[in-house]
> 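I'd like to ask some things about the structure below.
None of the values given here were measured: they were computed from a predicted structure.
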Amino acid sequence: MADVLVIGATGTTGSLVAAFLRDRGVPVRPASRTHGLPGHVRFEWADPETHAPALSGVSAVYLVAPIGVAEPAPLVAPFLNEATRQGVRRVVLLSSSAVSESATGLGALHGLVRASAPEWTILRPSWFMQNFAGDSLALRTRDGEILSATGQGRVAFIDAGDIASVAVHALADEVPHNTEHLLTGPEALSYTEVADAITRHTGRPLRHTAVTTDELARHFAVHGLPPDFATTLAALDADISGGAEDRVTATVERITGRPARTFRDFCAREIR
Ligand SMILES: NC(=O)c1ccc[n+]([C@@H]2O[C@H](COP(=O)([O-])OP(=O)(O)OC[C@H]3O[C@@H](n4cnc5c(N)ncnc54)[C@H](OP(=O)(O)O)[C@@H]3O)[C@@H](O)[C@H]2O)c1
């Protein structure tokens, strides 16, 4: 079997996708901008010179779109053209439950992938549990508070390992999925319930503080997100407050054969 190119291979899902593919005996070509990682190819969305070498001899691609770019299609379309030219058969796109097919934004990549790849899957995961671990936590926290504009709205947070497990099926199953997968964890939780669960686990008080979407966008921008992307991300909290993410799907279990992991299990494994 030819290599599977894993874009974003140093990131939350890509690192797990690469590891799980290797566990399954699939040859992997991890890609990122980071220089000097053993076995990685250098790949930069904004530098088309890096695209053709990364795609050479590849049969399938795990595609994490350029991060923090409000309009990724102009960067991704030439890459998909090159993939087609080189005979890549399968593309698995990491999108989001908050994003459906559209003419702009991340949603514009859905149509591009379907049109260019003979075999394709669009992954639409809910919000990641890993947003509450490691460096990602700083993006949403301030002095013992989790900030959100979600009110009492709930989100069926999903473990990144479950996303990666589904991605590996989509990349390596003999029969292509050729569909969208809406992926969630097993229960929908409000940010207040999340803060309580983390507090119970660590013994250190963390509470949910309601802010406006404007305040949240400013907080995101202070933490390094480009201002237009910070505004787009903060606006998604308003959708959550209206119930947009209050849903649970059985897709993880249907594809992988085991139930999606719970938030409690995530805390036990990843929160210190
Ligand atoms: N967090 C959530 O709750 C959530 C929910 C649903 C969907 N999503 C989607 O998930 C995606 C992020 O995936 P993730 O969390 O697995 O990744 P991540 O942890 O944010 O890491 C991003 C990866 O992309 C690479 N990268 C960043 N900019 C790049 C560029 N210009 N060219 C090439 N590579 C680049 C980074 O590697 P280097 O820096 O080493 O190059 C890294 O490996 C986003 O599209 C987001 O919309 C997130």
> Short question: side chain of E145, backbone of L147 - any donor-acceptor pair under 3.5 Å?
no

> Look at the side chain of R90 and the backbone N and O of E119, then say whether any donor-acceptor pair between them is shorter than 3.5 Å.
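It does not hold such a pair.
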
> Looking at every non-hydrogen atom in both residues, tell me the closest pair between E71 and P74 and how far apart they are.
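What the structure gives for the nearest pair is O-CD, 3.3 Å.
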
> What heavy-atom pair brings V252 and V166 nearest, and what distance separates the two atoms?
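Nearest pair, atom of V252 first, then V166: CA-CG2, 4.2 Å.
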
> State whether the side chain of N178 and the backbone N or O of W120 hold a donor-acceptor pair below 3.5 Å, judged by distance alone.
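Checked: pair present.
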
> Side-chain contact test, heavy atoms from C-beta onward, threshold under 4.5 Å: evaluate it for Y191 versus R140 and give yes or no.
yes

> Show the nearest heavy-atom pair for residues A217 and A230, with the distance to one decimal.
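Shortest heavy-atom contact: O-CB, 3.5 Å.
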
> Tell me whether R29 contacts the main-chain N or O of A54 through its side chain, where contact means a donor paired with an acceptor under 3.5 Å.
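Checking the backbone N and O of A54 against the side chain of R29, a donor-acceptor pair under 3.5 Å is found.
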
> For Q152, is there any backbone N or O sitting under 3.5 Å from a side-chain donor or acceptor partner on S190?
no

> Between R200 and C267, does the side chain to side chain contact (heavy atoms under 4.5 Å, CB included) criterion hold? Intermediate values first, please.
CA-CA 10 Å; R200 272 196 304 279; C267 288; over 6 Å; no

> Just verifying a value: how many Å separate F132 CZ and W127 CH2, rounded to the nearest 0.5 Å?
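If I round to the nearest 0.5 Å, the distance is 9.5 Å.
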
> Flag yes if L139 and L106 sit in one hydrophobic cluster, no otherwise; membership is Ile, Leu, Val, Met, Phe, Trp, Tyr, and two members link when side-chain heavy atoms are under 4.5 Å apart.
no

> Output yes when a side-chain donor or acceptor of T150 lies under 3.5 Å from a complementary backbone atom of D237, and no otherwise.
no

> Could you go step by step and tell me if S95 and L109 meet the side chain to side chain contact (heavy atoms under 4.5 Å, CB included) rule?
CA-CA 8 Å; S95 182; L109 303 188; over 6 Å; no

> Quick one: side-chain contact (heavy atoms from CB on, under 4.5 Å) partners of A160, sequence neighbours excluded?
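Result, side-chain contact (heavy atoms from CB on, under 4.5 Å) vs A160: T12, T13, L16, Q130.
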
> Under the side-chain contact (heavy atoms from CB on, under 4.5 Å) rule, collect the residues that match up with E180, sequence neighbours excluded.
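H110, I122, R124.
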
> If you define the side chain from C-beta out and look only at heavy atoms, does anything of Y62 sit under 4.5 Å from L21?
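Not in contact.
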
> Please check if V58 and L112 belong to a single hydrophobic cluster, counting links between Ile, Leu, Val, Met, Phe, Trp and Tyr side chain heavy atoms closer than 4.5 Å.
yes

> Does E245 have any side-chain hydrogen bond (donor to acceptor under 3.5 Å, both in side chains) partners at least two apart in sequence or in another chain, and if so, which?
S97

> Is there a path from L189 to L183 through hydrophobic residues (I, L, V, M, F, W, Y) whose side chains come within less than 4.5 Å of each other?
no

> With a 3.5 Å distance limit and no angle check, can you tell me whether T10 reaches the backbone of S32 through a side-chain donor-acceptor pair?
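No.
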
> If you measure from OG1 on T202 to CZ on R272, what distance do you get to the nearest 0.5 Å?
11.5 Å

> Quick check: do V17 and L171 have side-chain heavy atoms less than 4.5 Å from each other?
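Side chain of V17 against side chain of L171, heavy atoms only: contact under 4.5 Å found.
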
> So, using side-chain contact (heavy atoms from CB on, under 4.5 Å) as the criterion, who are the partners of E215 when residues are at least two apart?
V211, T212, R218

> Which heavy atom of V28 sits nearest a heavy atom of A18, and at what distance?
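Scanning both residues completely, I find the closest heavy atoms to be CG2-O, 3.7 Å.
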
> Identify, with sequence neighbours excluded, every residue that meets side-chain contact (heavy atoms from CB on, under 4.5 Å) alongside H169.
R24, D173, H177, I255, T256

> Which residues pass the side-chain hydrogen bond (donor to acceptor under 3.5 Å, both in side chains) test with E187, sequence neighbours left out?
none

> I need the minimum non-hydrogen distance between A31 and F43, along with the two atoms involved.
CB-CB, 3.7 Å

> Do P30 and L37 have side-chain heavy atoms sitting under 4.5 Å apart?
no

> Which heavy-atom pair separates A2 from G57 by the least distance, and what is that distance?
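Of all heavy-atom pairs spanning A2 and G57, the closest is CB-O, 3.3 Å.
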
> Is the closest side-chain donor-acceptor distance between H208 and S148 under 3.5 Å?
yes

> Roughly how far apart are T184 OG1 and I163 CD1, rounded to 0.5 Å?
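Taking OG1 in T184 and CD1 in I163, the distance rounds to 10.5 Å.
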
> Applying the 4.5 Å side-chain criterion to the ILVMFWY set and letting contacts propagate, would V113 and I7 be lumped into a single cluster?
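Yes, V113 and I7 fall within the same hydrophobic cluster.
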
> I need the L225 CG to H219 NE2 distance, nearest 0.5 Å.
9.5 Å

> Any chain of hydrophobic side-chain contacts (each under 4.5 Å) joining V76 to L55?
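Yes, same cluster.
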
> Is the distance between the ring centroids of F157 and F266 less than 6.0 Å?
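Not close enough - the centres of the two rings lie 6.0 Å or further apart.
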
> Is a side-chain N or O of E82 found less than 3.5 angstrom from the main chain of F79, in a donor-acceptor match?
no

> Quick check for you: to the nearest 0.5 Å, what is the distance between L80 atom CG and L93 atom CG?
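Rounded to the nearest 0.5 Å, the CG-CG separation comes to 8.5 Å.
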
> Taking atom CZ of R269 as the centre, does the number of heavy atoms from other residues, nucleotides or ligands within less than 6.0 Å exceed 12?
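Result for CZ/R269: enclosed.
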
> Pick one: which of I271, V194, D159 meets side chain to side chain contact (heavy atoms under 4.5 Å, CB included) with M129?
D159

> Side chain of S15, backbone of G11: donor and acceptor closer than 3.5 Å?
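A pair under 3.5 Å: yes.
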
> Could you give the distance from NE2 (H40) to CZ (R33), rounded to the nearest 0.5 Å?
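Taking NE2 in H40 and CZ in R33, the distance rounds to 13.0 Å.
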
> Do the side chain of R85 and the main chain of A52 share a donor and acceptor less than 3.5 angstrom apart?
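Such a contact is absent between R85 side chain and A52 backbone.
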
> Please evaluate residues I198 and F263 with respect to the criterion side chain to side chain contact (heavy atoms under 4.5 Å, CB included), reporting the C-alpha separation (whole Å), side-chain torsions for both, the decisive distance (0.1 Å), and the verdict.
CA-CA 9 Å; I198 295 173; F263 196 81; 3.9 Å; yes

